[in-house]
Each structure stands twice: as C-alpha cells, then as structure tokens.
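Both counts, for ligands and for their atoms, begin at 1 and track the order of listing. It should be emphasised that the depicted structure is a prediction, and the values quoted were computed from it without experimental measurement.
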Amino acid sequence: MKLDQFPQDIRAEILPRHKGRLVYRCLGCGGEHGIEKLLYICPDCGQVLLIHDLEFGHLKNTTGERWQRIFDYRRMLNEPALKGIYRYHEFIGPIIPLESVVYLGEGHTPLIEANSLLQQKVGMRFYFKNDGQNPSASFKDRGMASALSYIQYMLQSGRVSDVLAICASTGDTSAAAALYASYLSTRIKSAVLLPHKKVTPQQLAQPLGSGATVIEIPGVFDDCMKVVEVLSEHYNVALLNSKNAWRILGQESYAYEIAQDFEYDVGELAAILPIGNAGNMTAILSGFLKFYHAGVIRDLPKIIGVQSEHANPVFRYYLEPDAGKRRFEPVNVKPSVAQAAMIGNPVSMPRVIYLVERYNQIAGRQKVFFIEVKEQDIMDWEITANRNGHIACTHGGESLAGLVAARQRGILEKNDTAVIDSTAHAIKFAGFQEMYFEQRFPPEFEITPDPGLINAPVYIKPRGVKKIPEPGKPLQGEDFKKFVNRTAEEIAGFLNLKKI
Ligand SMILES: *Cc1c(COP(=O)(O)O)cnc(C)c1O
Ligand SMILES: [Zn+2]
C-alpha cells in the first residue's frame with residue numbers, strides 16, 4: 001500500500017520520526033558511552049554493555065493503542081527497510097537512517113499451531129515460531145540485520161572504512177555474519193572462527209559459500225570466543241558476536257513479533273527458548289520489557305529458558321533460590337545435539353542476571369524460569385514434532401522438551417499458551433537425526449533411539465528381473481516394461497495396496 005493511501009490520522013507516523021539518543025550503558029559501573037565507536041565492553045570496568053535510548057521516554061507520548069495501530073498498518077507498507085526487524089524501528093534502532101538498513105528477508109517468521117495430536121501429547125496449547133525460516137536459517141539473522149545496518153550507517157557517514165567483521169561461532173552466527181557481510185562486499189569483509197569438527201557440514205558450507213574467510217581452531221566454542229575477544233580488544237576488527245549490543249537490539253524483534261501476532265495480548269503466554277550464549281534470552285527479556293514500558297503490551301508473558309544437562313550453567317545458577325547466594329560458575333560442556341547452545345560460559349550472563357531480576361520485579365511475581373532437559377528428550381521431542389508437521393531443529397526439540405518439563409513441574413498451567421522458539425531449521429542439524437535413525441550416537445551423548453521414532457529408506461529391487469536401469473544405461477521396450485511393472489507390484493505388496 002502506498003503512503004498516501006493510509007488513513008490521514010496515522011500517515012505521518014507510518015515512516016518513523018523518533019530519532020532517539022542511543023548510548024552504550026555498562027552493566028557493571030553504569031557508565032554511558034557514545035555509539036560513534038564500536039564498543040563491546042566498558043572501557044572503564046570491562047563489563048558487557050546494552051544499548052539504551054536516552055529519549056525512550058518520548059515513546060510514551062504515543063499511546064500503546066496508537067503504537068499497535070502504527071505497527072499493524074506498517075505491515076501493509078511497501079518500504080523494504082521497514083519490512084523486516086525495522087517494522088519496530090523506534091524500538092530497535094531509531095538512529096539508523098532507512099538508507100542504511102540492510103534487509104535480506106529476516107524476521108516475521110511464522111507461528112504454527114501444533115496439531116491436536118501433538119497438543120494432546122504435550123498437555124497444552126502451543127505454537128512453534130519457526131525462526132529457521134530466516135534467510136540463513138536461524139534467528140541469528142535478526143541480530144545481524146541490526147549489527148550490519150549499524151556498520152553500513154558508520155560506513156556511509158564516514159566514521160569507519162574497510163571493515164573486517166569477525167565472529168566466533170557454534171555455526172549459525174558465522175552463517176548469518178558471512179551472509180550479511182557478503183551483501184555489503186566490497187566495503188566489508190568477514191572472517192569466522194569455528195571450533196574444528198564442532199559444527200555441522202551444512203553450517204560449515206554456509207560461510208564458505210558466502211565467501212568468508214573460515215578459520216577452524218581446536219577446542220569448543222568458549223575457546224573460539226576468547227580468541228575473538230582478544231582480537232577485538234587489540235586489533236581493528238568489528239566483532240559480530242552477541243557481545244556486540246547491536247545484535248541484542250535486532251533480536252528483540254522476536255518479542256515484538258510475538259506481541260503483534262497475538263494482538264498485543266500476551267499475559268497468558270509463555271515464550272520458551274533454548275539458552276547458549278544467552279544473547280537471545282537477553283533480547284527477548286529486553287524486548288518484552290520495552291514494549292511493556294511503552295504501554296504497547298499491558299502484561300509480561302512468562303519466559304522459560306531451557307538448557308541441556310550437558311551445557312547448563314544458567315540453569316545451575318538459578319538453582320539457588322536465594323538471589324544473594326547465587327554464584328555464577330562456568331561449566332565444562334559435554335557433547336550435545338543442541339550444538340549451537342553447547343556453551344559453558346555465556347557471554348551475556350550479566351545481562352541475563354540484570355534483566356531477570358527487573359522482569360520479575362516489574363511483573364510483581366516470578367515470570368522467568370529455567371529448565372533443564374536430557375539429551376534423550378531433546379531428540380525424541382524434535383523428531384516427534386517433525387512427525388507432526390514441524391521443521392524444528394534440535395534446539396526447537398530442546399524447547400519443546402522444556403515445555404513438557406515445565407508443564408510437569410507446574411510452571412505452566414493447562415490454560416496457558418506457549419510459543420516455542422525453533423531457533424534454526426531442521427535441515428541444519430539433520431546429522432543428529434541421521435545418527436538417531438541409524439542408531440550410531442556415540443555413548444557420550446547418552447541417547448538411545450526409540451524404535452517407534454526411527455525411520456529409514458526401504459530399498460526395493462524387483463526379484464526375477466534380470467535387467468535393471470543404471471545411470472547412462474536406460475532400459476527400452478519389453479525390458480523397461482517388465483522392470484516398471486514388477487517394481488510396482490512389489491511396492492504394492494509392501495504397502496499392502498488393494499487393486500481397483
Ligand atoms: C545461537 C543459537 C542458540 C543459542 O542462542 P544464544 O543467544 O547464544 O543463547 C540456540 N539455537 C540456535 C539454532 C542457535 O543458532
Ligand atoms: Zn563499566
């Protein structure tokens with residue numbers, strides 16, 4: 001729809017006007033720093049940062065109902081810069097001019113309600129939000145769209161030139177970073193650091209295909225992260241991990257979309273997501289809080305973070321009920337099918353601690369919960385979901401297993417509605433499905449495939465047929481007819497088909 005076709009009273013706000021005044025705010029000392037420079041940690045105390053709009057209060061001059069109308073009308077607007085995460089421009093990056101926005105089709109991923117069979121099995125109403133339907137097939141694109149739009153803005157305003165973007169990755173960050181950086185080639189190049197043999201072949205293929213420099217080092221993700229931290233502190237590179245607060249801003253869109261897709265009525269909702277480096281948890285908490293403060297939503301939904309027993313530092317931290325006694329201890333991770341969340345020392349832990357406390361305080365009761373699940377349950381629930389029309393990755397399976405556990409523990413009630421984050425597309429992690437179906441999980445995963453969920457191809461070669469087709473050697477005439485008819489007969493027998 002064209003701008004002049006929108007109702008007169010809302011037209012002036014369809015294109016964003018609020019410019020905001022963004023600063024990095026330190027979670028350690030509370031210090032504020034200008035955003036003219038890329039900062040990842042506080043120069044004074046070394047803590048992680050979040051981006052704060054000093055003029056956020058201005059957003060309250062518009063009523064919540066009016067914001068809702070603005071976003072709902074923006075759905076119809078044909079302006080590429082506002083088609084993705086920047087539909088919520090005023091909340092995500094008000095200082096980014098529309099000319100600087102990088103839009104590759106991210107965001108607004110579908111909410112798919114589980115069929116009645118699956119809802120019965122789980123014991124409540126729930127939806128999958130398919131973040132695997134983002135351009136690089138994971139939610140990381142939301143954060144990259146924001147980080148790269150900011151870098152493009154810095155390039156266009158002459159504040160930086162010849163950027164080398166760098167990240168450590170469990171696979172999906174590098175796929176997203178390489179994709180978005182390649183769109184801005186030749187002004188920006190990218191290099192990604194991966195733990196050798198700890199990402200799936202699909203995830204390795206993605207940055208290679210986008211033309212990034214791919215570096216593998218020994219160890220696990222936490223080791224890669226330390227190396228890129230040193231690089232970003234001492235060399236002229238742009239860090240694209242979620243330590244970069246611009247990533248968090250973009251990933252807030254996930255919360256805004258849920259609010260909009262449920263008509264801004266989220267009081268009875270629970271958002272369930274896997275936790276790795278905890279950037280996504282940070283963003284979702286922050287997103288719902290910002291919409292709440294601006295009056296766009298009237299209640300805060302429950303948030304449930306899920307971790308595998310094999311990589312559970314956040315879950316362990318919150319096991320201690322007394323906030324004063326909690327102490328964060330990194331864990332040594334064990335192999336996990338939720339490989340993108342196989343992180344023992346999450347970079348965003350201080351952000352999570354800060355936001356969880358605020359969230360529960362503002363909600364007036366505990367609304368954020370942490371759940372631990374078994375590797376076995378992750379695989380069983382992923383496969384069960386996908387046998388019912390979903391495209392969940394292992395982390396989607398992890399979230400679903402978390403929903404089941406939360407229901408059993410009474411965190412969720414029968415009348416709640418859950419939204420499960422399937423953070424990536426199933427095909428990125430098809431190797432784990434293959435290991436399950438072929439019953440060849442190494443023992444350290446602690447997974448025994450359920451025979452009822454195993455699937456395998458059936459090879460049918462017709463008996464009594466001498467000539468069979470081969471590549472480059474097709475059959476002709478009678479031989480071909482015989483082959484086709486005999487094969488059809490055998491398949492009909494195998495499938496128990498009735499003759500018509
Ligand atoms: C990155 C990632 C996670 C973990 O998200 P964090 O923000 O690191 O907690 C989970 N699932 C998938 C598919 C991912 O790519
Ligand atoms: Zn500080």
Side-chain angles (χ1 to χ4, degrees), residues 23-33 39-50 109 129-134 136-144 167-177 194 198-200 202-203 206 221-222 224-225 240-244 247-248 250-252 254 272-286 303 305-308 311-315 333 336-352 354 370 378 382 391-399 402 420-429 432:
V23 291
Y24 297 108
R25 186 175 279 172
C26 172
L27 288 182
C29 68
E32 289 178 357
H33 305 275
L39 276 187
Y40 315 109
I41 50 172
C42 173
D44 300 328
C45 77
Q47 255 299 8
V48 285
L49 309 163
L50 281 174
T109 52
K129 186 160 168 67
N130 285 342
D131 254 25
Q133 286 179 257
N134 276 300
S136 81
S138 88
F139 76 84
K140 300 291 199 304
D141 295 325
R142 299 176 178 276
M144 286 307 162
C167 67
S169 179
T170 52
D172 295 330
T173 301
S174 58
L194 303 174
K198 297 283 185 318
V199 306
T200 73
Q202 296 82 350
Q203 290 172 318
Q206 288 185 291
F221 170 82
D222 294 295
C224 294
M225 191 64 218
L240 289 183
N241 282 97
S242 54
K243 193 164 197 183
N244 177 339
R247 282 269 314 274
I248 304 294
Q251 288 170 205
E252 287 173 1
Y254 182 87
I272 306 190
L273 63 142
I275 302 181
N277 223 2
N280 211 22
M281 185 70 173
T282 301
I284 292 172
L285 290 168
S286 172
I303 309 281
V306 188
Q307 295 206 293
S308 157
N312 59 357
V314 184
F315 171 77
V333 293
S336 171
V337 295
Q339 200 171 43
M342 219 176 91
I343 295 174
N345 191 9
V347 161
S348 283
M349 194 63 204
R351 293 166 169 163
V352 169
Y354 165 75
F370 297 89
I378 298 177
E382 183 206 0
I391 49 172
C393 63
T394 45
H395 314 80
E398 181 177 20
S399 301
I420 298 201
D421 193 347
S422 180
T423 44
H425 198 291
I427 55 175
K428 279 209 191 207
F429 298 90
F432 292 117

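- Residue-ligand proximity: S242 is placed with every non-hydrogen atom at 4.0 Å or more from ligand 1.
- Of the angles at the Zn ion (ligand 2), the one spanning SG of C29 and SG of C42 is 110° when given to 10°.
- At a cut-off of 3.5 Å, with distance as the only test, no side-chain donor of Q251 or K140 sits close to an acceptor on the other residue.
- The distance from the CG atom of L240 to the OH atom of Y40 is 7.5 Å, given to the nearest 0.5 Å.
- Considering only non-hydrogen protein atoms, atom 5 (O) of ligand 1 sits nearest to F139 CZ, 3.4 Å.
- Considering backbone and side-chain atoms together, N277 places an N or O closer than 3.5 Å to an N or O of ligand 1.
- Within the 4.0 Å heavy-atom cutoff, M281 does not count among the residues contacting ligand 1.
- Ligand-side atoms of ligand 1 in range of T423: 10 (C), 11 (N), 12 (C), 13 (C), range being under 4.0 angstrom from any heavy atom.
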Worked verdict on F429 versus T200 for side-chain contact (heavy atoms from CB on, under 4.5 Å): CA-CA 7 Å; F429 298 90; T200 73; 3.9 Å; yes
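- Contacts between K140 and ligand 1, counted as non-hydrogen atom pairs separated by less than 4.0 Å, involve the side chain only.
- Between the side chain of E382 and the backbone N or O of H395, no donor-acceptor pair lies under 3.5 Å.
- Annotation for ligand 1: atoms under 4.0 Å from non-hydrogen atoms of I275 are 9 (O).
- Inter-residue side-chain proximity for V23 and H33 is flagged as unmet; no heavy-atom pair is nearer than 4.5 Å.
- At a cut-off of 3.5 Å, with distance as the only test, a side-chain donor of R142 or T109 sits close to an acceptor on the other residue.
- Listed by number with element, the atoms of ligand 1 under 4.0 Å from a non-hydrogen atom of A424 are 13 (C).
- Closest protein heavy atom to atom 7 (O) of ligand 1: N280 N, 2.8 Å.
- Taking every non-hydrogen atom of G279 and a distance limit under 4.0 Å, the qualifying atoms of ligand 1 come out as 6 (P), 7 (O), 9 (O).
- Taking every non-hydrogen atom of D172 and a distance limit under 4.0 Å, the qualifying atoms of ligand 1 come out as 12 (C), 13 (C), 14 (C), 15 (O).
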Full working for side-chain contact (heavy atoms from CB on, under 4.5 Å) between I275 and N280: CA-CA 7 Å; I275 302 181; N280 211 22; over 6 Å; no
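- Residue Q251 places no N or O, backbone or side chain, under 3.5 Å from any N or O of ligand 1.
- Looking only at side-chain heavy atoms (C-beta outward), D172 and F139 stay at 4.5 Å or farther from each other.
- Using a 3.5 Å distance cut-off with no hydrogens or angles, the side chains of S136 and D141 do pair a donor with an acceptor.
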